[in-house]
Q: 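Have a look at this one before I ask anything.
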Amino acid sequence: MKITSGSISGNSTLVGESRDSATEFHVRTRPDTLQSKKGTLGDEMACASNYFALVAKPNWRLLQYRVDMSPDIDHTGVRKALLYHHKATLPKFMFDGTVLFTTTRLNPNDAPIVLTSTREHDKATVTITIKLVGEVQPTDYHYMQFFNIVLRSAMEKMQLELIRRNYYDPKASITLGQYKLELWPGYVTSIRQHESQILLCCEISHKILRTDTVLDQIEEVHKRTGGAGSFHASVEKALLGAIVITRYNNKTYRIDEIDWNKHPTDEFEGRNNEKMSYQKYYTERYNRSIRDPKQPLIVSMPKVRDERGGVSGPIYLIPELCNMTGLSEEQRANFQLMKALGDYTRQDPKKRCETLKKFSERINTNQEIQTELTAWNLQFSRDLEQFRARILPPEVILGSGSSKATYQLENADWGTCFRKWNSFSVQSCTKWAVVCASRDEAATKEFITSLTKVAPSLGMTMNKPKMFPLPDNRPASYIQALDRVIECNPSIVMVVVPNNKGDHYAAVKKKCCLEKPVPSQVVTATVLSKP
């Protein structure tokens with residue numbers, strides 16, 4: 001093997017330079033004058049945290065390289081595959097699609113290295129240029145990024161599925177058939193420096209996947225409306241803004257539009273300018289057959305990250321192949337359903353510790369993962385971090401005059417104390433406004449009546465607000481009304497939005513916090529409508 005002009009040729013293994021030893025380094029996160037953060041108040045007790053210590057870490061220098069490809073390739077998986085073609089000729093490395101980490105110098109004189117690979121689907125030659133960025137110091141962000149990349153690689157070896165930013169275990173899924181729900185257990189992880197230790201934080205997470213598809217939702221609305229003139233509007237009201245998941249690649253998308261004029265039998269232009277129907281594409285690419293060729297298509301606009309990756313136009317999806325995510329308002333109001341979910345998602349401390357220890361066992365007993373960690377001289381503790389905590393005595397809450405309240409240590413609930421309570425400091429609300437859609441006006445007025453009744457018991461004066469009813473519930477209508485409301489200079493604005501999907505909330509807060517600052521409180525109509 002020889003290296004010429006910064007490029008590698010030959011089939012032998014690149015030995016490279018010997019590993020450089022790193023100097024021992026500890027991050028101090030408290031002032032030199034403060035020797036201990038431990039308190040003295042209250043009673044001591046033993047606690048377990050959701051952290052695992054990194055008990056072994058690299059004792060050599062970590063080098064960071066930037067990897068560029070020509071022609072440019074956006075797909076991270078393809079970039080990884082092209083570089084891993086040269087795994088035999090490169091020293092041990094970790095690659096996230098853009099940045100390469102290694103403990104061995106790729107070139108003694110640090111000159112760029114040029115490699116070539118052949119892309120599978122079109123047999124095009126791709127030139128890979130690897131340039132040294134520099135040595136990663138323990139204080140650098142990329143030092144922790146390296147550990148997190150290694151951890152994510154280990155979680156992939158555990159055959160967990162990546163959904164958005166977190167990993168979930170479809171093999172351990174829990175099916176709630178009567179509610180058309182599927183629960184995937186998973187983990188939210190992060191490795192960070194904590195004083196003298198590097199710790200792995202692991203939190204238990206659950207992904208709620210619905211077994212009903214977007215097409216099922218459309219058909220449900222069709223049954224309710226009978227396909228009348230309000231059918232399209234009713235479907236859009238139910239689906240726009242919802243997040244869906246495509247099971248064939250476990251990616252999530254937001255429904256931004258429904259194109260009623262497009263169908264699975266319509267054609268689009270492929271990579272090589274060839275015409276292909278959506279139906280044929282999904283059959284050939286994902287082996288998914290479509291039973292309803294007349295269904296409309298879902299439109300999802302690309303995320304900022306997708307735009308940076310080169311995705312420019314709208315993404316068209318098949319409703320039949322998209323599963324709903326999260327819970328609908330009706331499902332959230334179903335007490336039995338929420339109780340059934342809570343049996344799995346709300347774990348007591350003992351159960352959480354057991355689940356976290358199972359995660360640790362999977363990492364420490366998987367031979368493939370251990371081989372990878374050993375190669376980087378990494379090792380995670382099998383046990384959760386233990387520490388001493390303190391139970392503080394109940395605080396006394398002071399009100400106006402002689403008003404006092406406290407609470408029980410067992411539940412720390414002081415809500416009942418304030419049913420009749422003289423507040424320490426009170427602001428009178430004599431001039432305020434309410435913005436709501438006309439159809440929510442009755443529930444809003446009922447809430448205001450209750451509010452004005454209970455306010456005096458808290459020492460507050462609440463005058464009747466000025467109402468601003470809206471003809472519809474579009475975000476633009478709320479913005480126009482808020483422009484008129486803010487000109488009246490109210491003490492606070494109460495805004496009733498139709499749901500918690502976020503569009504209305506974001507628009508209201510942008511107006512009331514950034515453009516024309518005024519105190520505001522957003523309430524959903526579903527909350528006001530509850531008995």
Q: Less than 3.5 Å apart, which donor and acceptor atoms pair up between the side chains of residues 178-185 and the rest of the protein, not counting sequence neighbours?
A:
| residue | atom | partner | partner atom | Å |
| --- | --- | --- | --- | --- |
| Glu182 | OE2 | Trp184 | NE1 | 2.7 |

Q: Please lay out, stage by stage, how Gln145 and Val136 fare under the test side chain to side chain contact (heavy atoms under 4.5 Å, CB included).
A: CA-CA 10 Å; Gln145 183 190 17; Val136 182; over 6 Å; no
Q: Under 3.5 Å, side chain of Asn166 to main-chain N/O of Val188, donor-acceptor pair present?
A: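 No, the answer is negative, given that no donor and acceptor are paired below the 3.5 Å cut-off.
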Q: Please give me the minimum heavy-atom distance between Ser381 and Asn364, naming the atom from each residue.
A: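 For Ser381 and Asn364, the tightest heavy-atom pair comes out as O-ND2, 4.1 Å.
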Q: Is there side-chain contact between Met467 and Thr444, with heavy atoms separated by less than 4.5 Å?
A: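 Side chain of Met467 against side chain of Thr444, heavy atoms only: contact under 4.5 Å found.
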Q: Determine, stepwise, if the pair Ser428 / Thr430 fulfils side chain to side chain donor-acceptor pair (under 3.5 Å).
A: CA-CA 6 Å; Ser428 295; Thr430 56; over 6 Å; no
Q: Backbone N or O of Pro170 within a donor-acceptor pair of the Ser173 side chain at under 3.5 Å?
A: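 Side chain of Ser173 to backbone of Pro170, a donor-acceptor pair under 3.5 Å: yes, one is there.
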Q: Test side chain to side chain contact (heavy atoms under 4.5 Å, CB included) on Leu373 and Ile363 and set out the steps.
A: CA-CA 10 Å; Leu373 294 177; Ile363 285 182; 4.1 Å; yes
Q: For Ser153 and Lys157, test the side chains for any donor-to-acceptor distance below 3.5 angstrom and give the result as yes or no.
A: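 Short answer, yes.
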Q: Can you tell me if Lys171 has over 12 outside heavy atoms packed within less than 6.0 Å of its NZ?
A: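 12 or below, so no.
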Q: May I ask you to decide if Val244's main-chain N or O and Thr252's side chain share a donor-acceptor pair within less than 3.5 Å?
A: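 Such a contact is absent between Thr252 side chain and Val244 backbone.
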Q: Main chain of Tyr143, side chain of Asp140: is a donor-acceptor contact present, judged purely on distance under 3.5 Å?
A: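 No: the side chain of Asp140 does not pair with the backbone of Tyr143.
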Q: Determine yes or no for a side-chain-to-main-chain donor-acceptor pair under 3.5 angstrom, with Ser300 supplying the side chain and Arg254 the backbone.
A: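 Checking the backbone N and O of Arg254 against the side chain of Ser300, a donor-acceptor pair under 3.5 Å is found.
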Q: Got a donor-acceptor contact below 3.5 angstrom from the Thr452 side chain to the Ile448 backbone?
A: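 Looks like yes, one N/O pair under 3.5 Å.
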Q: Does the side chain of Thr213 reach to within under 4.5 Å of the side chain of Met324, using non-hydrogen atoms?
A: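 No - every pair of side-chain heavy atoms lies 4.5 Å or more apart.
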Q: Donor-acceptor pair, Ser360 side chain versus Leu356 backbone, under 3.5 Å?
A: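 Absent.
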Q: I'd like to know whether CD of Gln137 has more than 12 heavy-atom contacts from other residues, nucleotides or ligands below 6.0 angstrom.
A: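 More than 12 heavy atoms, drawn from other residues, nucleotides or ligands, come within 6.0 Å of this atom.
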Q: So how far is it from Leu378 CG to Leu151 CG, rounded to the nearest 0.5 Å?
A: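 Reported value, rounded in 0.5 Å steps: 10.0 Å.
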Q: Name every donor-acceptor pair, under 3.5 Å, that has one atom in a side chain of residues 201-208 and the other anywhere in the protein, sequence neighbours excluded.
A:
| residue | atom | partner | partner atom | Å |
| --- | --- | --- | --- | --- |
| Glu203 | OE1 | Asn50 | ND2 | 3.3 |
| Glu203 | OE1 | Arg352 | NH2 | 3.0 |
| Glu203 | OE2 | Arg352 | NH2 | 2.8 |
| Ser205 | OG | Tyr168 | OH | 3.1 |

Q: Quick check: closest heavy atoms across Met94 and Phe146, and the distance to 0.1 Å?
A: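 That would be CB-CE1, 4.2 Å.
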Q: Around atom CZ of Arg192, are there more than 12 heavy atoms from other residues, nucleotides or ligands closer than 6.0 Å?
A: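 It does not: Arg192 CZ has 12 such atoms or fewer within range.
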Q: Do Phe380 and Phe52 have their ring centres less than 6.0 Å from each other?
A: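 Here the rings of Phe52 and Phe380 have centres that are no less than 6.0 Å from each other.
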Q: Apply salt bridge (Lys or Arg N to Asp or Glu O under 4.0 Å) to the pair Glu441 and Lys445, showing each step before the final yes or no.
A: CA-CA 6 Å; Glu441 194 171 355; Lys445 284 182 175 178; 3.3 Å; yes
Q: Go through Glu219 and His222 one step at a time and tell me if the side chain to side chain donor-acceptor pair (under 3.5 Å) criterion holds.
A: CA-CA 5 Å; Glu219 290 173 346; His222 189 272; over 6 Å; no
Q: Test your reading of the model: is there a side-chain donor-acceptor pair from Trp376 to the backbone of Phe147, 3.5 Å cut-off?
A: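 No, because the side chain of Trp376 does not come within donor-acceptor range (under 3.5 Å) of the backbone of Phe147.
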Q: Between Asp169 and Met155, is any pair of side-chain heavy atoms under 4.5 Å apart?
A: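 No, too far: nothing below the 4.5 Å cut-off.
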Q: Show me the side-chain donor-acceptor pairs of residues 480-499 shorter than 3.5 Å, one per line, residues at least two apart or across chains.
A:
| residue | atom | partner | partner atom | Å |
| --- | --- | --- | --- | --- |
| Asp483 | OD1 | Lys511 | NZ | 3.0 |
| Asp483 | OD1 | Lys516 | NZ | 3.4 |
| Ser491 | OG | Lys431 | O | 3.3 |
| Asn499 | OD1 | Lys501 | N | 3.2 |

Q: Report the C-alpha separation of Glu44 and Lys38 in whole Å, then their side-chain angles, then the decisive distance to 0.1 Å, and conclude whether the side chain to side chain contact (heavy atoms under 4.5 Å, CB included) test is met.
A: CA-CA 11 Å; Glu44 277 198 27; Lys38 293 180 181 178; over 6 Å; no
Q: Do you know which two heavy atoms are closest between Ile298 and Val214, and how far apart they sit?
A: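 For Ile298 and Val214, the tightest heavy-atom pair comes out as CD1-CG1, 3.6 Å.
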Q: So which atom in Tyr478 and which in Ala437 form the shortest heavy-atom distance, rounded to 0.1 Å?
A: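 Of all heavy-atom pairs spanning Tyr478 and Ala437, the closest is OH-N, 4.0 Å.
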Q: May I ask you to decide whether Arg210 forms a salt bridge with Asp212, counting only side-chain N to carboxylate O separations under 4.0 Å?
A: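 Asp212 and Arg210: salt-bridged.
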Q: Taking Glu395's backbone N and O only, do any of them form a donor-acceptor pair with Tyr407's side chain (distance below 3.5 Å, no angle check)?
A: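 Here the side-chain-to-backbone pair exists.
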Q: Would Lys357 and Glu361 pass as an ion pair if we require N to O under 4.0 Å?
A: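 So Lys357 does not pair with Glu361 through a salt bridge.
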Q: Answer yes or no: is there a side-chain heavy-atom contact under 4.5 Å between Thr189 and Ile191?
A: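 No; the side chains remain at least 4.5 Å from each other.
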Q: Give the C-alpha distance, both sets of side-chain angles, the deciding distance and a yes or no for side chain to side chain contact (heavy atoms under 4.5 Å, CB included) between Phe424 and Ile397.
A: CA-CA 10 Å; Phe424 189 82; Ile397 305 167; over 6 Å; no
Q: Which distance, rounded to the nearest 0.5 Å, do you find between the CZ of Arg362 and the CD1 of Ile369?
A: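 That separation rounds to 8.0 Å.
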Q: Please report the closest heavy-atom contact between Arg288 and Tyr248, naming both atoms and the distance.
A: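 The pair with the smallest heavy-atom distance is NH2-CA, 3.8 Å.
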Q: Taking Asp348 for the side chain and Lys350 for the main chain, is one N or O donor matched with an acceptor at less than 3.5 Å?
A: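 Yes.
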Q: Looking at every non-hydrogen atom in both residues, tell me the closest pair between Ile479 and Val508 and how far apart they are.
A: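 Shortest heavy-atom separation between Ile479 and Val508 comes out as CD1-N, 4.4 Å.
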Q: Within a radius of less than 6.0 Å around OH of Tyr344, do more than 12 heavy atoms belonging to other residues, nucleotides or ligands occur?
A: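 No, OH of Tyr344 has 12 or fewer neighbouring heavy atoms, counting only those of other groups under 6.0 Å.
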Q: Does atom CD of Glu354 have more than 12 heavy-atom neighbours, drawn from other residues, nucleotides or ligands, at distances under 6.0 Å?
A: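 Enclosed: over 12 neighbouring heavy atoms sit under 6.0 Å from CD of Glu354.
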